[in-house]
Participant: 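Input: one structure, supplied below.
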Amino acid sequence: MAGAVSALFLLDIKGRVLVWRDYRGDVTAIQAERFFTKLIEKEGDPQSQDPVVYDNGVTYMFVQHSNVYLMTAARQNCNAASLLSFLHRVVDVFKHYFEELEEESLRDNFVVVYELLDEMMDFGYPQYTEAKILSEFIKTDAYRMETTQRPPMAVTNAVSWRSEGIAYKKNEVFLDVVESVNILVNSNGQVIRSDVVGALKMRTYLSGMPECKLGLNDRVLLEAQGRTTKGKAIDLEDIKFHQCVRLARFENDRTISFIPPDGSFDLMTYRLSTQVKPLIWVEAQVERHSRSRVEIMVKARSQFKERSTATNVEIELPVPADASNPNIRTSMGSASYAPEHDALMWKIKSFPGGKEYMLRAEFNLPSIFYCFRNPGTTPLRNNQVRYLKVIEKSGYQALPWVRYITMAGEYELRLI
Amino acid sequence: MAPPAQSSRYPSPSQPSGKGEVSDLRLQLRQLAGSRAPGVDDSKRELFKKVISYMTIGIDVSSLFGEMVMCSVTPDIVLKKMCYLYVGNYAKVNPDLALLTINFLQRDCKDQDPMIRGLALRSLSSLRVANLVEYLVGPLGSGLKDNNAYVRTVAVMGAVKLYHISASTCIDADFPATLKHLMLNDSDSQVVVNCLFALQEIWNSESSKSEEATREKEGLISKPFIYYLLNRLREFNEWGQCLVLELVAKYVPSDTNENFDIMNLLEDRLQHANGAVVLATIKVFLQLTLSMADVHQEVYERIKAPLLTLVSSGSPEQSYAVLSHLHLLVMRAPYIFASDYKHFYCQYNEPSYVKKLKLEMLTAVANESNTYEIVTELCEYAANVDVPIARESIRAVGKIALQQYDVNAIVDRLLQFLEMEKDYVTAEALVLVKDLLRKYPQWSHDCIAVVGNISSKNVQEPKAKAALIWMLGEYAQDMDDAPYILESLVENWEEDAPEVRLHLLTAIMKCFFRRPPETQKALGIALAAGVADFHQDVHDRALFYYRLLQYDVSSAERVVNPPKQAVSVFADTQSNEIKDRIFDEFNSLSVVYQKPSYMFTDKDHRGPFEFSDEIGNLTVGVESEHEVPATSVDANETSDLLLSTTEKEETRAMVANGSDYTAPLYDSSSRALPSQGQSELAITSLLGTSDPGPQASMAIDDLLMGLDLTAPPAPASAPPSLKLNARAALDAGSFQRKWRELPVAISQECELSSQGAAALTSAQALLQHMQGNSIQCIASGGQSPNFKFFFFAQKAEEPSVFLVECKINTSTAKAQLNIKAEDQSTSHEFSALFQSALSRFGMS
């Protein structure tokens with residue numbers, strides 16, 4: 001963090017200040033609001049606007065979440081990456097407190113919002129941003145507040161992400177291996193880029209200070225131990241861990257050991273740049289019947305095992321903003337024209353392996369479209385995790401649950 | 001918190017005007033103030049909440065100050081918090097009333113609940129009322145000694161706040177010393193981090209006033225302290241780690257082993273989930289290895305994977321921040337990222353700010369092996385619905401074409417763009433074809449055939465129209481109907497932008513010289529319209545042409561239509577000095593804006609460790625600003641070495657420019673007394689290029705000597721027959737061009753004096769000496785005993801230059817010279833002068 005932030009604003013969708021916290025007194029709300037409303041008006045679509053904007057000596061950085069903008073204003077040369085991460089962390093904290101972060105929930109909770117803003121940042125420098133720890137000393141419910149009035153001990157622990165004295169009747173750990181596949185296919189049907197971004201998402205309900213160990217079918221580790229690695233092992237590239245993982249140990253013997261935070265968190269993320277076959281292949285044909293009338297035919301084919309099923313598949317067919325009068329038929333699922341996205345949305349609730357479905361649509365349009373997208377879920381691989389152990393002083397038995405999910409990340413097939 | 005604007009800000013019928021409600025609230029508060037009935041706290045809470053929400057939506061409730069303070073005597077922490085909030089909001093505008101709150105805040109600072117102590121202290125220190133600071137010192141002092149860490153973290157921040165209200169009070173109370181003690185001894189990591197934040201701010205602004213603060217500030221990047229922080233690094237939360245890493249990046253290890261120790265220690269930080277920590281670590285790695293060329297390149301290889309992952313994960317905003325930094329690195333070392341070009345492909349649903357950066361990177365990494373794929377990909381974007389991005393993509397294709405890879409294929413693509421019949425595609429492509437023709441006139445035949453088919457009526461954008469008109473004028477003899485198109489354009493004179501009218505005038509002139517009978521009429525109309533034009537430039541140009549033609553038609557042709565040389569390198573818009581500054585400020589807004597911080601912050605708001613222009617800082621010698629230019633010369637040299645394998649002319653020119661920034665700087669120091677800013681730069685770069693640490697002060701002495709030496713325009717000892725320009729200037733691009741063009745005039749070996757050989761411990765020493773003899777260095781490199789220099793000099797009276805490649809081996813005291821000269825007749829004289837200058841090195 002090079003510089004300090006002058007103030008933090010929460011703005012509504014029109015750019016008006018809902019709540020703000022002035023940390024250093026050198027940027028006014030009026031100034032910030034004037035700037036931001038102008039920005040929104042001028043651009044029309046603030047999503048295309050750079051998230052870092054300079055105006056009259058002040059740097060504004062903002063992120064949007066539902067109908068709220070979170071924005072910092074600073075006069076110093078700040079650390080952009082750090083502050084944008086910080087804003088997203090603020091979003092997470094608010095979501096933890098109010099379930100949903102939107103204008104209404106902020107309006108209903110002014111007092112808590114102020115308290116949180118005070119604890120997350122002091123004099124423009126980030127302080128505590130772990131929702132779990134903040135909720136130790138900022139309680140939303142006034143009643144609970146009185147009964148558990150105690151100093152914020154967790155913040156002073158050596159293990160800053162977990163406070164002592166947590167107790168559960170049933171000790172459980174859930175581990176989701178979520179992989180999202182990023183694929184880019186060009187109009188000749190060639191995969192020009194593909195990689196997999198994976199995350200190990202955990203939810204822990206464990207008492208005390210449990211020590212967890214996770215074993216992976218990590219090729220580097222298995223080869224180091226001289227074991228055969230045929231088929232099973234996986235190459236992990238650029239692994240990133242949650243701060244609770246002892247990185248030094250991982251460096252030494254590739255064991256992932258950690259004291260987990262309470263509740264849900266991302267244990268690790270990784271990237272694989274292997275060639276992946278798209279789970280669902282989409283092809284399209286376009287016929288121009290007249291200058292303005294166009295018919296498209298889209299074929300979607302699932303390319304995974306028959307016993308697996310992809311759920312909630314959405315195929316988005318971008319069309320020009322001036323398209324009109326669509327007439328759509330599908331052999332499975334439902335399709336509708338979503339003018340707000342300038343796209344046709346084809347949704348298929350359940351898409352079993354080895355099947356092929358069709359969509360036909362007729363349009364009036366003056367020009368042509370060319371892009372496809374396809375998010376969906378289905379297990380792609382399921383052999384990453386070898387074991388998950390939980391050890392705690394008191395010696396209770398914990399139940400580990402492991403699940404594999406594959407999602408489409410950036411999944412783009414260019415068709416025409 | 002400053003007061004929200006008054007209620008009149010949003011006059012809307014649905015919102016209460018406030019007056020009635022406020023007096024209502026006042027009554028209710030009064031009733032509750034003295035009451036001890038059970039449940040009274042709950043009703044107070046409701047009331048307080050109402051007050052806070054009124055305050056937030058912009059209704060002025062400051063008139064309730066008295067009542068709020070009265071009600072705040074309560075053990076209820078929720079009520080207290082709301083009351084603090086209220087007080088903090090209105091104290092600044094009501095300093096008199098704020099005095100009322102001091103009492104209860106001070107009392108709360110002694111509460112037995114640490115939470116209340118902390119909150120009260122924070123509120124007290126946030127009042128920002130200058131005449132209340134005396135009440136703040138006591139509670140802050142005890143807060144800093146509190147046995148609860150939460151209170152201490154708040155108190156530390158309180159101390160900086162106090163410093164900003166009244167610096168003298170803070171210093172007199174000896175808070176900096178207390179903070180320093182806490183920073184070195186406190187068991188709580190957040191306290192340590194906050195102390196660091198605080199002390200950076202305090203010492204940074206104090207250092208201009210006191211020697212001691214300067215020393216303390218240096219202490220922050222001293223070895224013991226940096227090691228202390230590194231040892232505790234893992235305790236800190238992610239923001240604390242960012243701060244510490246930022247500081248470590250400024251630390252200069254004493255030897256390479258230390259360098260590697262630190263990097264080994266920090267390597268695992270590259271795997272941190274928070275992108276900010278990863279970037280901070282990368283900064284440390286880059287700064288530590290600046291002087292180690294090969295390791296520096298390994299660092300690039302090492303940080304590639306984490307960066308590329310960060311780009312494709314996280315929110316668009318976060319990936320934008322990372323991409324901006326990646327962009328900087330790609331621009332510095334495109335060849336390292338050349339094989340990763342696919343990561344810079346755009347997804348159609350990415351925000352355009354991300355796409356723009358990606359396009360620039362695709363342009364930068366293009367080389368022989370990937371140009372075809374990249375251009376194919378870019379052509380897909382050209383048909384994109386997102387028009388600004390489609391335009392950018394076409395420009396990117398053009399830029400790649402200008403980089404000389406596979407020009408043939410690219411020209412075809414560009415010509416296809418022209419046939420796509422989309423206005424903006426045609427417009428962009430026209431501008432590009434124009435630039436392309438300026439660089440590769442040999443393609444004119446293919447291009448003109450296609451350009452000729454474009455109807456000027458379909459081109460509306462001034463830039464594109466100007467480009468089309470330029471081509472019509474330039475290639476009038478190849479396009480049959482050029483005069484007639486120009487003529488029709490002249491008829492609509494009024495409709496076009498001034499830029500277009502200017503081009504039109506010139507094009508018609510050119511056309512006239514080639515095909516006079518067909519153009520004469522149009523020329524007459526154009527000149528008449530031009531002379532009558534309201535736009536000053538158009539008017540002047542028309543008049544100028546008119547008089548020129550009147551004077552002599554053949555001279556006019558020489559002026560308007562001279563034979564042209566193809567443009568080899570288009571100017572690089574950003575100076576290398578600025579690029580290096582931005583690199584020094586890695587991991588800050590400078591990178592996002594692509595501007596150094598002094599361009600967008602006022603002096604008061606430069607963050608800690610971004611030093612201002614006081615020369616006083618120079619004594620430090622280990623500051624970032626002083627350190628980095630040094631090493632960046634090496635870095636440039638590295639890239640130069642690396643680049644030479646890839647024959648990448650333009651980037652080469654761009655990167656090589658980096659080393660020439662020393663030249664203009666020396667130049668500025670040779671003026672008797674340069675302006676402060678300039679001298680600082682010059683001095684820092686001198687300081688920089690010498691070895692860090694103890695030698696810094698010596699370097700200043702050297703500099704002063706240098707100034708003395710350079711003061712006379714030409715050294716007295718130089719042979720009178722050949723005088724050199726003491727302020728010669730040449731940029732790296734032209735140096736390279738000239739070096740390629742000119743033959744070697746003299747190649748010989750000469751001797752160095754033994755003192756000279758001994759004095760040549762670093763390249764820097766010789767540079768200053770030669771500069772004293774009006775011979776400038778454009779690039780240097782090597783390590784004892786082998787050095788290599790490129791020098792240049794310019795004659796005093798004419799622009800003719802001499803170029804010298806000089807390889808020196810200090811162990812044999814021999815120098816190998818290769819001299820090239822624009823004016824061959826004087827090359828021997830120059831050689832003698834150069835050798836005599838060289839032989840005098842080390843004598844003085």
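Residue numbers start from 1 in every chain, and the chains themselves are labelled A, B, ... in the order their sequence lines are given, proteins ahead of strands. Fair warning: this is a prediction, and the values are worked out from it, not measured in the lab. Atoms considered below: every heavy atom in the structure, side chains included; atoms not considered: hydrogens, waters and symmetry mates.
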Participant: Where does B:Val591 contact chain A at under 4.5 Å (heavy atoms): side chain, backbone, both or neither?
Facilitator: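 No part of it gets close to chain A.
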Participant: Using a distance-only test with no angle check, is there a side-chain donor-acceptor pair under 3.5 angstrom linking B:Thr153 and B:Gln190?
Facilitator: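 There is no such pair (donor and acceptor under 3.5 Å, judged by atom type) between the side chains of B:Thr153 and B:Gln190.
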Participant: Among B:Ser324, B:Ser315, B:Gly275, single out the residue with the greatest number of heavy-atom pairs under 4.5 Å to chain A.
Facilitator: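 Winner by heavy-atom pair count: B:Ser315.
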Participant: Are more than 12 heavy atoms from other residues, nucleotides or ligands located less than 6.0 Å from atom NZ of B:Lys342?
Facilitator: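 Count over threshold, so yes.
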Participant: Among the options A:Val197, A:Val52, A:Thr28, A:Thr269, pick out the one with the most heavy-atom pairs lying under 4.5 Å from chain B.
Facilitator: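 Counting heavy-atom pairs under 4.5 Å, the top option is A:Val52.
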Participant: Measure B:Val322 against the heavy atoms of chain A and call it side chain, backbone, both or neither at under 4.5 Å.
Facilitator: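 Contact with chain A is absent: no heavy atom of B:Val322 under 4.5 Å.
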Participant: So, do B:Trp239 and A:Tyr125 have ring centers that fall under 6.0 Å from each other?
Facilitator: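 No, too far apart.
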Participant: Less than 6.0 angstrom from the centroid, inside 45 degrees of the normal: does B:Arg122 satisfy that with respect to the ring of B:Tyr84?
Facilitator: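 No cation-pi geometry.
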Participant: Would a line drawn from the ring center of B:His272 to the ring center of A:Phe241 be shorter than 6.0 Å?
Facilitator: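 They do not qualify: ring centres at least 6.0 Å apart.
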Participant: Specify which of B:Val592, B:Leu279, B:Asn194 makes the most heavy-atom pairs with chain A at under 4.5 Å.
Facilitator: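 So the answer, after comparing B:Val592, B:Leu279, B:Asn194, is B:Asn194.
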Participant: Does any backbone or side-chain atom of B:Tyr320 lie under 4.5 Å from a heavy atom of chain A? Answer side chain, backbone, both or neither.
Facilitator: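 Answer is side chain: those atoms of B:Tyr320 sit under 4.5 Å from chain A.
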Participant: Heavy-atom distance under 4.5 Å to chain B: side chain of A:Arg24, backbone, both or neither?
Facilitator: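 It is both, since atoms from each part get that close.
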Participant: Would you check if there is a donor-acceptor pair between the side chains of A:Asn79 and B:Ser588 at a distance under 3.5 Å?
Facilitator: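 Side-chain D/A pair, B:Ser588 to A:Asn79: absent.
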Participant: With a 4.5 angstrom heavy-atom cut-off, is it the side chain or the backbone of B:Tyr593 that approaches chain A, or both, or neither?
Facilitator: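 Only the side chain of B:Tyr593 comes within 4.5 Å of chain A.
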Participant: If I measure from the heavy atoms of chain B, does A:Met268 come under 4.5 Å with its side chain, its backbone, both, or neither?
Facilitator: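 Answer is neither: A:Met268 stays 4.5 Å or more from chain B.
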Participant: Determine whether the side chains of B:Thr309 and A:Arg271 contain a donor N or O and an acceptor N or O closer than 3.5 Å.
Facilitator: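 Per modelled atom types, B:Thr309 and A:Arg271 side chains form a pair under 3.5 Å.
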Participant: By a 4.5 Å heavy-atom criterion (distance strictly below it), what part of B:Arg117 contacts chain A: side chain, backbone, both, or neither?
Facilitator: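 It is neither, since no heavy atom gets under 4.5 Å.
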Participant: Quick check for you: among A:Gly57, A:Ser85, A:Ala80, A:Ala81, which has the greatest number of heavy-atom pairs under 4.5 Å with chain B?
Facilitator: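 Of A:Gly57, A:Ser85, A:Ala80, A:Ala81, A:Ser85 has the most heavy-atom pairs under 4.5 Å with chain B.
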Participant: Does the side chain of B:Ser189 come under 3.5 Å of the side chain of B:Glu235 through a donor N or O and an acceptor N or O?
Facilitator: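 Their side chains do not contain a donor-acceptor pair, so the 3.5 Å distance test is not met.
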Participant: Tell me, for A:Val53 versus chain B, whether the close heavy atoms (under 4.5 Å) come from the side chain, the backbone, both or neither.
Facilitator: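 Only the backbone of A:Val53 comes within 4.5 Å of chain B.
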Participant: Heavy atoms only, distances under 4.5 angstrom: which of B:Ala276, B:Pro306, B:Ala321, B:Ser125 has the most pairs with chain A? Name it, please.
Facilitator: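 Max contact count across the listed options: B:Pro306.
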Participant: Need one label for B:Leu270: side chain, backbone, both or neither, based on atoms under 4.5 Å from any heavy atom in chain A.
Facilitator: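 For B:Leu270, the backbone is the part near chain A, not the side chain.
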Participant: Judged by modelled atom types alone, do B:Thr376 and B:Glu373 share a side-chain donor-acceptor pair under 3.5 Å?
Facilitator: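 No, because no side-chain N or O of B:Thr376 sits under 3.5 Å from a partner of the opposite role on B:Glu373.
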Participant: Mind ranking A:Asp118, A:Val245, A:Leu87, A:Asp266 by heavy-atom pairs under 4.5 Å with chain B and telling me who comes out on top?
Facilitator: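 Max contact count across the listed options: A:Asp118.
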Participant: Below 4.5 Å from any heavy atom of chain B, which atoms of A:Phe86 appear? Answer side chain, backbone, both or neither.
Facilitator: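 Interface part for A:Phe86: both.
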Participant: Using modelled atom types only, decide if a donor and an acceptor are shared between the side chain of B:Asn237 and the backbone of B:Gly240 within a distance under 3.5 Å.
Facilitator: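 Flag set: sc B:Asn237 to bb B:Gly240 pair under 3.5 Å.
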